[in-house]
Structure formats: structure tokens, C-alpha cells
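Below is one structure; the comments refer to it alone.
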Protein chains: 2
Amino acid sequence: MKKISIKDIARMTGTSPTTVSFVLNGKGRTSDALTKKILATAKKEGYQPNQIAVSLRTGQSKVIGLIVENMGGSFFGAVSKELENEAKKYGYRIVYCSSENNVRKGREMMEMLAHQQVDGYIITPTAGLEKDVMKLMTSKKPVVLMDSYYPGLDIPYVLVDNFNGIKQGIDHLIEAGYENIGFVTVDLDLIQMKERLSGYTETLKFHKIKPDKKLVLTLKYDSTKEEMVNEISSFVRKNKNMDAIFFATNYLGIAGLQSLSNMKYKVPEDIAMISFDDHEIFSLFAPGITTIQQPTEEIARAAMNLLLTQLGKKESNLITNKIQIPANLVRRNSVKKAKRVMPNA
Amino acid sequence: MKKISIKDIARMTGTSPTTVSFVLNGKGRTSDALTKKILATAKKEGYQPNQIAVSLRTGQSKVIGLIVENMGGSFFGAVSKELENEAKKYGYRIVYCSSENNVRKGREMMEMLAHQQVDGYIITPTAGLEKDVMKLMTSKKPVVLMDSYYPGLDIPYVLVDNFNGIKQGIDHLIEAGYENIGFVTVDLDLIQMKERLSGYTETLKFHKIKPDKKLVLTLKYDSTKEEMVNEISSFVRKNKNMDAIFFATNYLGIAGLQSLSNMKYKVPEDIAMISFDDHEIFSLFAPGITTIQQPTEEIARAAMNLLLTQLGKKESNLITNKIQIPANLVRRNSVKKAKRVMPNA
DNA sequence: AAATGTAGGTAAAACGTTTTATCTGAAAAA
DNA sequence: TTTTTCAGATAAAACGTTTTACCTACATTT
């Protein structure tokens, strides 16, 4: 049983394909009688336009390509549903790919998407893909970067305000009386990691605390979990004066949690902690870890809006196409209430 | 700068589109000289076939639709990469959708995929979608169910061997000397949940233990986490004799973990536990929770093979298209070593 | 009565491929 | 020499739409 086409409808209603197409798309002029008749039979026969034929003719695939670092990751999980919903409102579908934080794979995915004639791209940038993305820009393909960006390149992006997110956390720690705050980060060459680090050092300076290099630990991205846990342990042991520790990503925070738990450190009694980027695990067990949460739905919505604007589907009320969205401080119990040591005590 | 088409290549090489197509697809007869020339210019110009035009002409979209319960879920995360890899080997792409365990949404997604002319479907079944899936079957569309199936309907599927997975866990507990084993499950109307429950009762019977209804707790699927945690707590408190507890899914296990931790129960000293379906959290903290792990990559690979076979892309060496894959018992430390109370002690 | 306008409708081209059927010219067979 | 064969190449149709340009018949204006 073949699928029913516009020609079939035309034959059944004794009209031409043109008229059917006009009626179905609300173009041209057609008498009320014919309009009704065509609409009725189309409905009765369950006519669905062949999207492929439409795409070929119109040059629009109505597909958006999303390239993300890792489809298993929590960022993707949080972001995908919102993207899908927004896209659907405007008749777009999404094709997902993962770059595995790997230049070759990322490039391959971009080619694949181009090949499949997607109308626009949402990409979480990997270092090394700058040129490929710029090629899209110069060929006028709509692109939005998400979760990171390429500094110096004029490409629309939307991400969390990393600097001020970290600042909120550090402020919170300092307010609570902590003074020797450690920072654990990772050696990924991504702008957001740099901004997080500078959020840390600048906020300390703002509070007249001199950043101490020994209190910063930079782990290798491709370390195993065990290696990370061990490195964090010896970092903590080496810095006896450290009374709080800030993790720059959630997987670092999780490794840290495990490390502290191995060493039988109590949080927050022995050491306070905050992690950037919330995760189910942080809310799960006593005492509950305070985090800087990314507003993922908002990020997704903003990214899709930016893209739809470029696609001409949506009026923009935005002046800029470079968006930073504030992060949320989620207070749990890994930071102790101020028990400030009074100077005259 | 328009994309280059087969006509362009024809013009450049002084041949016809037919010849170019033949050369590029290895069909027809073409002299070596022309072949080389065409291949060379195609490469030089970076020719990529317009997949949409190909699809329209051949009737093959080279796209596989995947409908999963929830794109944020861990099952999806684990399975997606493997599916993608396998699909790519045969030139297929994947479009992902989530049904949100919701009949209306699931149906909508299936329509959307049909509309987009996908060549085949991989679906994690939701109750209520039986008819829609059967409609696909009768219209000869390739379909594979994953992670569950519809009992009584002749639709290919691949999932973990739930019954024997549970059996392994119960055996393990009994071997270690536990006798009053509780079971926490959820009221989802899915065959795999029934099989897990019967795995529990049958294995107990096999060991001459009479299943006790009071030791089975069935939670509502749409409960909040808090409600689950509370229900589990009172369940544990009500059954003082219970020395081990088996959770039928990972989110139940996580709730249980939190519940036990709230009540200051020590695992495995106060109570032993096992959860079906592994999760990062279970490996993370002392003591480490023993789980029944689903071999997700294998499941994904098997499902894709089944589908590719139906698509005629792959020779099958399989007799059946209904596959159950053994689960793995991952021993951690939530089950204490046998300290069997000797009858004569 | 002739010219003009207009509502309602359609033929045909186009999108970029694949594939069938056919055409050409030269070599081989008669 | 004429016929057959066959390798090598291509014209044209088809996939299912959208859209341009045009046609018809009737009403209105001059």
C-alpha cells in the first residue's frame, strides 16, 4: 500500500496538483467549495507531505544539526529536551552528533551534517574546530555556539556566565569565613575554563586575598578517575591550611568527593567544598554539596532562539548575539555557616 | 557559492550526468580514461552528493529513527554511541526522539519519523504503543524493540535477560547467607518489570524459601523522589527481619541508598543491598553497591544488527530475532561475605 | 462592441539524483 | 560487403513537491 501523494488527491478531487498544493499551503486563490473538498479528502486519506520532496524543492531540510561533546554527558541530557521542544514549535527537527572532544570526529560530523543539508548548526565548540566553524559562517550557514565560544571570532554564542558564577561561589565561601580556598581545574584549552580560573583569582583579589599558586591544582583532562582522585588527595594533604576547595566542573567535584571520602575528611567540618555545574550526586547524600548550577534550559532556549532568528523564523528583540546567562548558587550543606574567628578572640 | 552538482561535474568533464553518476556509483560501463577524469574532478571540486535528492530518487532516506523513553536517562547515554557507530558503518544516520513514557508523545514521534521517511525504527516500548508498532510491522517497515518487548506480538527485540539477571543476584545473596530478602519494584506495566519480580519469587522458591508478600514493595512510577525515599524507609522499618534488599531499577536503588543513609543504616552491616542496572553512583562511595549490570553496548550492537539485517544490509547468522543477553553481576561491597549461622551454633 | 480587469484554475519547469532504454560507431562475424 | 555484436556513452523519465507563468471565462468599464 503506497503512501498517498498530492497527485492522488488531485485525481480524487478532479483538480490539479497545483491547486492541491495551493490549498494545502494557503497560497494562490481557490474557491471555497474546492478548498473544502480538497481539505476533506486530504484529511480522509491521511495525506502527509513527503518531507524529502519538499526539502529538495524548497532547499530547506527543516533539520538542525547539534554537535555536542558527549551524548552521555549530563549537559546534553539536560539540554536536549528543551532544544527539541523549541525546535518543534517552528517545524524543525534535530540531528544529534557527538564530537567526543576530538577534532577529527568533530570535523567528520560537521561534514556529515552538511552532506545531509541541515539548515543550521548548534555546536559545543572543541579546540581546533575554529576554521571549520568559520567556514560555515562565511558560507552564510546559521550557527550558534553553546556552552563555550571561540574568543576573537565573531560567532554567535550562548553560555553561562562562568566568571560571575565562580565569583558567587567564592563570595559565598568568604562570607562564611573561609580564607584559604583551593581551586581544582582541568587543562582543557577551552575559554570557559580560563574564565572560571580568572573568576577565582580575581574574586580573591577583590577581597584582598592574594591568590596562592600552591592552592591551584590543574588536572589532565585525559586522566582516569583514579588518577584524579589520587592527585586531589595529595593536593589536599599537601595544603594543610586549605579550609575550602572549589571544583571547576562537576566531574572534578565528584572525584573530589570520592577523594575526601577516602581520606575520611568530613565536609564541611574538616573542609568546605563547592563544585561548578550541578549533578544529581551532589544533591543525594548528606551533607549535600553546594554548587554553581548552570541554567541549562535557559541556555538551550536562548541558543535555539538565536538560531531561529538567523533562520528568519523568529523576530529577535536582542541587540547582541553573544549571550551570557547568570548561574545559580545552589546552597546545600557543604559550606559551614559563618563561625568567623574574631580577630580579638 | 552554490554547492557543486553532478551536472557541474558533467559539464567540466565534457560528459553527461548519467556517466558521472555511473562512475561515482560504480555502475554501468565506462572507459578507464573517463573514469579517472571524472573521479579526479569530483575530488578536486569536493563533490558531495545531495543526500536529499538521492533519498527522493531511491526512496531510501538512510536514516534510522530511535525512540527512547528519555534522552537524559543513563540507558540512552550508554546506548547511543554504540548505535551511532554501528549505523555509520553502513551509511546510516540516526534521529533520536524521546517518548517521555507517554503514549501521545510516543505516537507523535512515530508519525514525525514516518513523515521524515526513516528507513527503520529502534524503539524502547511504552505501554499503549502496541498497535502503532504493529502498524509499522504490517507495512513492512523494519522495526526492532530494545530494552523491553510486547509479549505475544511477533516483533523483533533485544534486551537483557531480566529473569536470570535477578536470579544471579538472589543466588549471590543466598549464598552469602541472607534469608529474608526484600524486593522493591515499581508499578510500570512493562514486561521487564514482571520478569524481574518473577525472577525474585521463582529464585526464592528454587532455594526452598517461601516468598513473603510483606517483603515486596511496589512504588508508584510517578512518585517524587522524596515519596519513594519515605516509602522505602517505612518499608524497611516495618520489616525488622529483613536482612537484604533488592532494588529492581537503578533509580529505586538510588532512592534506597538515600533512604538507608537517612536512617543511619550501615550497608552491608545492618542490611545488604543489590540494585538492578548499574549507575555511576553505585561505584562511587564506600562501600560500593553490588549491582546487576546491563551489557548496554552489546544490546545496542545486537539491536542494530537485527535492524540492518531487516534492511538487507547485513547477512544474518541468527536463527531468531528475539534476543536476550545475559546480565553481569558486579560485585562490590554491599553484600557481606558468608558468616553463615551454623544450625548447631 | 471593444477593451480591460479579475477570480479561479492549471501546465510545466525545477530541485539533484538514479536508472531504463536507446543510440552510436567500430570491431567481429557472415 | 553486409550483418551482428558489443563496448561506451547518453537522453529522458522518474521520485513528490513548489512555484512561475499563463490560460479561461466571465464581469466590468469604456
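Only heavy atoms go into these numbers, but all of them, side chains included; no hydrogens, no water, no symmetry mates. Sequence lines set the chain letters: A, B, ... in the order given, protein chains first and strands last, and positions in each chain run from 1.
In this structure, A:Asp32 places its CG atom where only 12 or fewer heavy-atom neighbours from other residues, nucleotides or ligands lie under 6.0 Å away.
Put simply, NZ on A:Lys62 is 15 Å from C1' on D:dT17, counting in whole angstrom units. Note: CG (A:Leu24) to P (D:dT17) measures 9 Å, nearest angstrom. Rounded to an integer number of Å, the gap from B:Lys3 NZ to C:dT17 C1' is 13 Å. For the pair A:Asn25 CG and D:dG16 P, the computed distance is 17 Å after rounding to whole Å. Distance NZ (A:Lys7) to C1' (D:dG16): 7 Å, rounded to an integer number of Å. D:dC15 atom P lies 14 Å from atom CD1 of A:Ile6, rounded to whole Å.
Defined by atom type and a distance below 3.5 Å, a donor-acceptor pair is present between the side-chain atoms of A:Asp119 and A:Ser61. A donor atom on one side chain and an acceptor atom on the other are not found under 3.5 Å apart for B:Thr309 and B:Asn305. When only modelled atom types and interatomic distance are considered, A:Glu69 and A:Ser99 share no side-chain donor-acceptor pair under 3.5 Å.
Taking 4.0 angstrom as the limit, A:Lys27 places a side-chain polar atom (N or O) nearer than this to OP1 or OP2 of D:dT19. Neither OP1 nor OP2 of D:dG16 sits under 4.0 Å from any side-chain N or O of A:Tyr47.
Against DNA chain C, the stretch residues 50-61 of chain A makes heavy-atom approaches under 4.0 Å through A:Leu56, A:Arg57.
Within the nucleic acid shown, A:Ser5 comes within 4.0 Å of sugar-phosphate atoms alone, with no base atom in reach, counting heavy atoms only.
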* To do: For A:Glu82 and A:Arg301, run salt bridge (Lys or Arg N to Asp or Glu O under 4.0 Å): C-alpha distance rounded to whole Å, both residues' side-chain angles, the deciding distance at 0.1 Å, then the answer.
  => CA-CA 7 Å; A:Glu82 192 66 23; A:Arg301 216 160 25 235; 2.9 Å; yes
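Taking the screw axis at each terminus of the helix from C:dA1-D:dT30 to C:dA30-D:dT1 from five consecutive base pairs, the angle between the two is 70° to within rounding of 10 degrees.
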* **Base-contact (B) and sugar-phosphate-only (S) positions in nucleotides 5-12 of chain D, heavy-atom cut-off under 4.0 Å, - elsewhere** => --BBSBBB
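Taking 4.5 Å as the limit, some side-chain heavy atom of A:Met12 sits within range of a side-chain heavy atom of A:Asp8. Proximity of B:Met137 to B:Met134: side-chain heavy atoms (C-beta onward) are separated by under 4.5 Å at one or more points.
A cation-pi arrangement is present between A:Lys62 and A:Tyr92 under the rule of less than 6.0 angstrom and at most 45 degrees off the ring axis.
Aromatic ring pairs are classed by plane angle as parallel below 30°, tilted from 30° to 60° and perpendicular above 60°; the pair B:Tyr96 and B:Phe76 is perpendicular.
Checked against A:Val20 for a side chain to side chain contact (heavy atoms under 4.5 Å, CB included), the options A:Leu34, A:Thr41, A:Ile38 give a single hit: A:Ile38. A:Asp132 pairs in a salt bridge (charged side-chain N to carboxylate O under 4.0 Å, His left out) with only one of the listed residues (A:Lys105, A:Lys141, A:Arg107), which is A:Arg107.
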